[in-house]
Amino acid sequence: MLPKNNILIVDKLHTSIFQFLENIGFAYEYLPEINREQILEIIPKYDGLIIRSKTKIDKEFLIKAINLKFIARAGAGLDLIDLKEAESKNIQLFSANEGNKDAVAEHTIGMILMLFNKLATANFEVKNNIWQREPNRGIELMGKTWAIIGYGNNGQATAQRLSGFGVKVISYDKFKTNFTDQFAIPASMKYIFENADIVSLHIPLTSETNRLVDKDFLGKFKKNIFLLNIARGEIVVLKDLLAELKSGKVAGACLDVLENEKLANLSADEKLIFNQLIALPNTIFTPHIAGWTHESYIKINEVLVSKIKQFADSELNSL
């Protein structure tokens, strides 16, 4: 049976987490300012751990977490966790992908509309007393073929939002077959390479997807595509993306995530690439906030606590 008084929370979360945990009978310690060394000292006491993004759960960490029964991540993806080591220790893993799917979907649509309609440039110009219509002529979504790579929570929510735009939505998901619904049609990557106008990434960061979108990948598209990455920055090789933007193979890019998001600590090469990317008129950037709304901040907690309760109930029922 899962004890009810030793969940450790090591990241800043919306305060709703407290009441949600209390409602299902769990106590907790909330230490959002704690550092890794301090966590390693006290983690043997805890059966549950709630994290967000600051703490890497590697083999060293898991060796010390001798009583840990579950790790819950307040966000999408589990790339911060050594999955094989956690599995070997029978530690259950939860993420809250469902909690921010609506936020991610809306942000994705917002970014492409911003790019297609030159909203950032037009807004800046008008605010500086520049009134130019022809240079700010936009592009319509209507009639385009949008390829969603990864048809999980975020991919499905994005496809649903696109249903009102007259877009043909096709999707590839390595782990799903026959997933046709009213919003998207399953497609092979070969079909996507031949037909896509717009490509959005909704896949986790794994050894397979790390640096997946490189020069070779982008070169396979028949058309000049628009690329959106609202998944993980390490999936897209920015050096190669920059080259394809310059060549016109990539007609525009929307990036909510980057290979290195610590802009103050970029290497000389990273800084050179980044500075060239942000200077291009056909790029849109946001600081990893696609799933970062006021509403999702609470929804993520709801999802995590629901999964914790389900796990605790199953443990109880197995006794």
Criterion side-chain contact (heavy atoms from CB on, under 4.5 Å) on L228 and I112, from CA distance to verdict: CA-CA 8 Å; L228 297 92; I112 198 66; 3.9 Å; yes
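- By the ring-ring contact (aromatic ring centres under 6.0 Å, His included) test, F94 pairs with F70, F311, sequence neighbours left out.
- Take F18 and apply the ring-ring contact (aromatic ring centres under 6.0 Å, His included) test, not counting sequence neighbours, and it matches Y28, Y30.
- Under a hydrophobic clustering in which Ile, Leu, Val, Met, Phe, Trp and Tyr are joined whenever their side-chain heavy atoms come within less than 4.5 Å, directly or via other members, L255 and L272 fall into different clusters.
- N195 and T145 share no side-chain donor-acceptor pair at under 3.5 Å.
- The pair D197-K168 fails the salt-bridge criterion, with no side-chain N (NZ, NE, NH1 or NH2) lying under 4.0 Å from an Asp/Glu carboxylate O.
- Ion pair K299/E295 not flagged as a salt bridge, since none of the NZ, NE, NH1 or NH2 atoms sits closer than 4.0 Å to an Asp/Glu carboxylate oxygen.
- Comment: E194 does not engage K223 in a salt bridge, judged by the lack of any side-chain N to carboxylate O separation of less than 4.0 angstrom.
- No hydrogens or angles considered: a donor-acceptor pair under 3.5 Å links the side chains of N97 and S95.
- In K271, the NZ atom is not crowded: 12 or fewer heavy atoms of neighbouring residues, nucleotides or ligands sit closer than 6.0 Å.
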message: Pair L258, L263 - check side-chain contact (heavy atoms from CB on, under 4.5 Å), show working.
response: CA-CA 10 Å; L258 300 173; L263 299 184; 4.0 Å; yes
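- One distance of note links CD1 of I91 with CG of L62; it measures 5.0 Å at 0.5 Å rounding.
- Between V169 and I185, every side-chain heavy-atom pair lies at or beyond the 4.5 Å cut-off.
- Panel note: side chain D214, backbone V237; no donor-acceptor pair is recorded below 3.5 Å.
- Listed by first and then second residue, the ring-ring contact (aromatic ring centres under 6.0 Å, His included) pairs that reach into residues 205-236 are F116-F226, F193-F217, F193-F221, F217-F221, sequence neighbours excluded.
- The hydrophobic cluster containing I289, built from Ile/Leu/Val/Met/Phe/Trp/Tyr side-chain heavy atoms closer than 4.5 Å, also comprises W292.
- Every side-chain hydrogen bond (donor to acceptor under 3.5 Å, both in side chains) that N301 has, sequence neighbours left out, goes to S16.
- Looking at every heavy atom in both residues, V167 comes nearest to L141 through CG2-O, 3.6 Å.
- Evaluation of the salt bridge (Lys or Arg N to Asp or Glu O under 4.0 Å) rule for K309 yields D313 as partners, not counting sequence neighbours.
- At least one side-chain heavy atom of I34 sits under 4.5 Å from a side-chain heavy atom of I42.
- Annotation for I278 and T283: closest pair CA-OG1, 4.3 Å, computed over non-hydrogen atoms.
- Judged by distance alone, the side chain of N123 and the main-chain N or O of L119 form no donor-acceptor pair under 3.5 Å.
- For the atom pair CD1 (I203) and CG (N229), the distance works out to 8.0 Å, reported to the nearest 0.5 Å.
- Under the side-chain hydrogen bond (donor to acceptor under 3.5 Å, both in side chains) criterion, T108 pairs with no residue, sequence neighbours left out.
- Side chain of K54 to backbone of P32: a donor-acceptor contact under 3.5 angstrom is found.
- Checked against side-chain hydrogen bond (donor to acceptor under 3.5 Å, both in side chains), D58 has the following partners two or more places apart in sequence or in another chain: R36.
- The salt bridge (Lys or Arg N to Asp or Glu O under 4.0 Å) test applied to K89 returns E85, not counting sequence neighbours.
- One finds the CD1 atom of I192 at 5.0 Å from the CD1 atom of I170 (value rounded to the nearest 0.5 Å).
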task: Apply the test side chain to side chain donor-acceptor pair (under 3.5 Å) to residues N210 and E234: give CA-CA distance (whole Å), side-chain angles for both, the deciding distance (0.1 Å), then the verdict.
output: CA-CA 6 Å; N210 187 28; E234 296 91 336; over 6 Å; no
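- Partners of H288 under the ring-ring contact (aromatic ring centres under 6.0 Å, His included) rule, at least two apart in sequence or in another chain, do not exist in this structure.
- Between the side chains of Q276 and K246, a donor-acceptor pair is found at a separation under 3.5 Å.
- For the pair Q310 and S306, the minimum side-chain heavy-atom distance is below 4.5 Å.
- Side-chain contact, E98 with N153: no donor N or O sits under 3.5 Å from an acceptor N or O.
- Atom CD1 in I139 sits 7.0 Å away from atom NZ in K118 (nearest 0.5 Å).
- Counting side-chain heavy-atom gaps under 4.5 Å among Ile, Leu, Val, Met, Phe, Trp and Tyr, the cluster of W131 also holds V126.
- Here E134 pairs with R137 under the side-chain hydrogen bond (donor to acceptor under 3.5 Å, both in side chains) rule; sequence neighbours left out.
- Closest non-hydrogen pair, A251 versus L245, comes out as C-CD2, 4.5 Å.
- Rounding to the nearest 0.5 Å places CG of D181 at 6.5 Å from CD of Q156.
- Remark: S296 OG to N100 CG distance equals 5.5 Å, nearest 0.5 Å.
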